[in-house]
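These notes concern the structure reproduced below.
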Amino acid sequence: MKEDYLNVIKFPLLVSLSLAVIAAAFFGLVFGSYFKLGLSASETVIYIVLFAILAILVASWVLNLFSTHSRIRPRWLEIYAKWMLVHIYYNLASFLGYITFQKRQQMQESFLNFNNEIVLSAAKNINHTNILLLLPHCLQNSKCKIRVTANINDCASCGKCEIAELKALAEKLSVKAAVATGGSLARKIIRDVMPDVIVAVACHRDLTDGVRDAWRFPTFGVLNERPNGPCFETCVSLHTIEFAIRKFQ
Ligand code: SF4
């Protein structure tokens with residue numbers, strides 16, 4: 001129960017703490033200089049610039065928190081908030097998590113949950129027609145003679161792995177589905193399809209990298225399960241995937 005809670009709260013908590021530490025350091029520096037020798041003209045300018053950066057960081061974070069409940073308008077502000085999320089706040093949380101010995105996977109899962117909330121709130125009341133279900137190659141049975149890459153319809157639906165059920169699910173829900181063997185192929189598939197929304201399946205690291213890499217596309221992440229170890233005959237909850245796709249239709 002505590003683990004589940006941390007999987008949700010850890011990322012926003014680490015970002016908020018990072019900003020609190022930066023703000024405390026800034027005000028400590030300013031008041032320290034002021035009460036010691038007073039502030040010279042050049043110091044005043046530097047502190048004003050630093051304060052402006054701090055204010056932008058805090059305001060943009062508040063914007064991101066807001067975006068987990070409601071869609072941000074106008075569009076440029078939405079893009080700006082997403083850019084800050086994946087390029088600034090993710091790195092801030094990673095750094096603070098690293099120096100305080102936090103579990104990396106838990107932070108990544110929390111980041112993915114946070115991102116999913118943003119994607120869902122932005123998609124509220126919109127029927128998307130161009131949805132891409134992007135799957136990792138490790139879902140496939142390792143003994144399968146067919147190499148299913150990119151086109152999921154290459155699967156012969158023998159039922160020895162979940163690719164068959166995912167293919168049937170994609171057909172039922174009329175969404176495009178593709179299997180990617182790595183980041184380069186995933187990027188190519190996204191470029192070719194130009195989806196409105198991506199529902200992506202992968203492990204913690206690949207999914208986090210993928211969501212950050214494709215940050216301009218709304219990407220709902222679903223973690224796979226690894227009962228046989230990493231990258232080998234993994235599986236995923238079909239129920240979660242169907243739930244996610246239906247949220248966007
Ligand atoms: S379901 Fe498809 S991908 Fe899986 S083993 Fe059978 S043919 Fe291969």
Side-chain angles (χ1 to χ4, degrees), residues 3-4 7 104-106 108-113 115-116 119-120 123 127-249:
E3 289 284 302
D4 289 350
N7 288 343
R104 188 162 180 77
Q105 281 202 352
Q106 201 169 53
Q108 288 171 330
E109 192 164 337
S110 175
F111 167 75
L112 292 167
N113 284 326
N115 176 69
N116 284 353
V119 174
L120 285 175
N127 291 333
H128 296 91
T129 48
N130 190 11
I131 299 173
L132 172 65
L133 174 59
L134 195 54
L135 304 164
H137 188 244
C138 57
L139 287 173
Q140 193 178 8
N141 185 304
S142 62
K143 295 191 183 75
C144 180
K145 297 273 187 292
I146 305 164
R147 188 167 158 77
V148 180
T149 50
N151 189 357
I152 199 169
N153 292 322
D154 290 342
C155 164
S157 301
C158 75
K160 287 190 183 143
C161 70
E162 281 180 340
I163 296 282
E165 288 166 89
L166 289 161
K167 179 182 156 187
L169 183 66
E171 267 170 26
K172 182 175 93 172
L173 300 177
S174 305
V175 298
K176 296 185 181 84
V179 180
T181 46
S184 304
L185 184 56
R187 274 190 290 276
K188 184 185 177 314
I189 293 167
I190 293 170
R191 267 200 312 275
D192 291 347
V193 176
M194 292 299 282
D196 300 330
V197 176
I198 304 167
V199 175
V201 179
C203 61
H204 289 79
R205 193 194 60 186
D206 288 0
L207 198 51
T208 304
D209 289 350
V211 165
R212 295 183 67 215
D213 199 32
W215 67 274
R216 282 178 176 276
F217 294 87
T219 306
F220 186 95
V222 180
L223 287 166
N224 62 0
E225 291 153 31
R226 287 151 284 170
N228 305 308
C231 310
F232 186 75
E233 296 188 355
T234 61
C235 45
V236 66
S237 161
L238 295 171
H239 176 74
T240 307
I241 290 182
E242 182 164 358
F243 165 84
I245 293 172
R246 287 195 187 280
K247 281 271 180 195
F248 300 112
Q249 289 182 322

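Read the numbers this way: they start at 1 and go in the same order the structure lists the ligands and their atoms. For clarity, every value in this text was computed on a predicted model and none was experimentally measured. What you see below is based on every heavy atom in this structure, not just the backbone, and it leaves out hydrogens, waters and symmetry mates.
Here the closest non-hydrogen pair linking Thr129 and Asp196 is N-OD2, 3.7 Å. Closest non-hydrogen pair, Glu109 versus His204, comes out as OE1-NE2, 3.0 Å. The two residues Ala170 and Ala177 come nearest to each other via the heavy atoms CB-CB, 3.7 Å.
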Open item on the list: Quick one, Asn153 with Glu171, criterion side-chain contact (heavy atoms from CB on, under 4.5 Å). Give me CA distance, side-chain angles, the key distance, then yes/no.
Closed with: CA-CA 10 Å; Asn153 292 322; Glu171 267 170 26; 4.1 Å; yes
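When each atom of ligand 1 is checked for a heavy atom of Ala164 under 4.0 Å away, the hits are 1 (S). With ligand atoms numbered from 1 in the order given, ligand 1 contributes 5 (S) to contacts under 4.0 Å with heavy atoms of Asn141.
Closest to atom 4 (Fe) of ligand 1, if we only count protein heavy atoms, is Cys161 SG, 2.2 Å. If you check which protein heavy atom lies closest to atom 6 (Fe) of ligand 1, you get Cys158 SG, 2.2 Å. Given atom 2 (Fe) of ligand 1, the protein heavy atom at minimum distance is Cys155 SG, 2.3 Å.
The residue among Gly159, Cys144, Ala156 with a heavy atom at the shortest distance from atom 1 (S) of ligand 1 is Gly159.
Partner of Arg187 under the salt bridge (charged side-chain N to carboxylate O under 4.0 Å, His left out) criterion, chosen from Asp192, Asp213, Asp209: Asp213.
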